[in-house]
Amino acid sequence: MDQLQGSGYDDVIECPYEKSHQIRKSRMQTHITKCKKNHKDLNYMKCPFNEIHFVPKKDLEVHKRECPDRGLFERYKYDISTPAPIQHTKNVITPEESYAPVSDDECWDSYDDKPYDPSEQIKNRNVIRKCMGKTPSEKKAFKEAERLRLQEHRNMDL
Ligand SMILES: [Zn+2]
Ligand SMILES: [Zn+2]
């Protein structure tokens, strides 16, 4: 009697090939490997959730749905697989994101307190134009000139 109580890991379970085989859980894997050879006619498949679950191939789909170890397995899978992608996307800032602010934004800050009003928005836009003191094409020309200037500078350094 003493032997049956205790760890619980060493529970005696039925061999999936032969119900009369009462095998200790800890020895089941070894037994199955041997017993399988005597039952080659039976097409048994190993349960993906538990190494000692062997079920007839035709019943495997049913077993996979009903396997008592499925929950554990899926929780484990969930635990290890979810944190990784989240960390990945949150920690990595793409260059595009870090360069997001545009020069025009500086002017918007001074109007933050005003309530939203479409006509106000239009006025503000005009103010921004003035505050920048440049039309888009002028800005473009300035940028281009600046680019050329820097390029010349670099060429001189070489
Ligand atoms: Zn057996
Ligand atoms: Zn199973």
Side-chain angles (χ1 to χ4, degrees), residues 1-122 124-125 128-129 131-132 136 139-140 143-144 146-147 150-151 154 157-158:
M1 274 306 236
D2 293 352
Q3 289 170 328
L4 289 175
Q5 288 164 349
S7 72
Y9 177 74
D10 235 6
D11 286 343
V12 172
I13 48 172
E14 268 175 16
C15 167
Y17 291 105
E18 200 64 67
K19 301 267 180 219
S20 60
H21 296 169
Q22 299 288 309
I23 313 297
R24 286 184 187 280
K25 220 172 176 178
S26 57
R27 299 202 53 201
M28 187 52 104
Q29 257 184 283
T30 323
H31 174 86
I32 281 171
T33 319
K34 284 185 205 158
C35 203
K36 203 177 169 182
K37 287 171 188 157
N38 303 324
H39 295 87
K40 275 184 177 161
D41 52 315
L42 293 171
N43 200 358
Y44 273 56
M45 298 286 288
K46 190 163 77 178
C47 165
F49 310 121
N50 192 320
E51 287 183 320
I52 60 166
H53 290 174
F54 274 76
V55 282
K57 197 180 179 181
K58 62 179 173 60
D59 296 335
L60 186 64
E61 285 310 307
V62 180
H63 174 84
K64 277 202 274 185
R65 253 177 279 140
E66 291 166 358
C67 177
D69 291 320
R70 182 204 164 117
L72 280 170
F73 181 85
E74 296 213 320
R75 218 174 304 141
Y76 175 70
K77 210 172 77 174
Y78 184 80
D79 282 349
I80 54 162
S81 65
T82 44
I86 289 169
Q87 272 181 352
H88 214 75
T89 47
K90 281 205 172 167
N91 292 345
V92 175
I93 298 158
T94 66
E96 270 175 295
E97 275 172 332
S98 43
Y99 287 120
V102 194
S103 55
D104 293 46
D105 286 359
E106 296 163 23
C107 300
W108 284 103
D109 292 342
S110 27
Y111 301 101
D112 271 351
D113 298 335
K114 298 207 172 182
Y116 180 79
D117 174 22
S119 60
E120 276 295 307
Q121 287 280 310
I122 291 156
N124 287 349
R125 271 177 218 276
I128 283 154
R129 290 257 164 78
C131 116
M132 292 306 288
K139 268 195 270 181
K140 205 177 162 187
K143 265 188 212 166
E144 181 64 14
E146 194 71 354
R147 195 179 65 83
L150 287 167
Q151 215 165 46
R154 232 176 283 142
D157 283 349
L158 285 170

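The residues of the chain are indexed from 1 along the displayed sequence. Every value quoted in this text rests on a predicted model; they were computed, and no experiment measured them. Every number for a ligand or one of its atoms is a count from 1 in the order of the listing.
- Within His21, ND1 is the N, O or S atom that lies nearest to the Zn ion (ligand 1).
- Sorted by chain and number, the protein atoms of type N, O or S within less than 2.8 Å of the Zn ion (ligand 2) are Cys47 SG, His53 ND1, His63 NE2, Cys67 SG.
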Take Arg70 and Arg65 through the side-chain contact (heavy atoms from CB on, under 4.5 Å) test and state the conclusion after the steps. CA-CA 8 Å; Arg70 182 204 164 117; Arg65 253 177 279 140; 4.0 Å; yes
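- Minimum-distance N/O/S atom of His31 relative to the Zn ion (ligand 1): NE2.
- His53 is listed as a side-chain neighbour of Pro68, based on a closest heavy-atom distance under 4.5 Å.
- The pair Lys64-Glu61 counts as a salt bridge, with a side-chain nitrogen and a carboxylate oxygen less than 4.0 angstrom apart.
- When distances to the Zn ion (ligand 1) are checked against a cut-off of 2.8 Å, Cys15 contributes an N, O or S atom below that limit.
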Applying side-chain contact (heavy atoms from CB on, under 4.5 Å) to Glu14 and His21, what does each step give before you reach the verdict? CA-CA 6 Å; Glu14 268 175 16; His21 296 169; over 6 Å; no
Check the pair Ile52 / Ile23 against side-chain contact (heavy atoms from CB on, under 4.5 Å), numbers first and verdict last. CA-CA 11 Å; Ile52 60 166; Ile23 313 297; over 6 Å; no
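- Heavy-atom minimum distance, Pro16 versus Phe54: CB-O, 3.2 Å.
- Contact record, Phe49 with Asp69: O-CB, 3.8 Å, taken as the closest heavy-atom pair.
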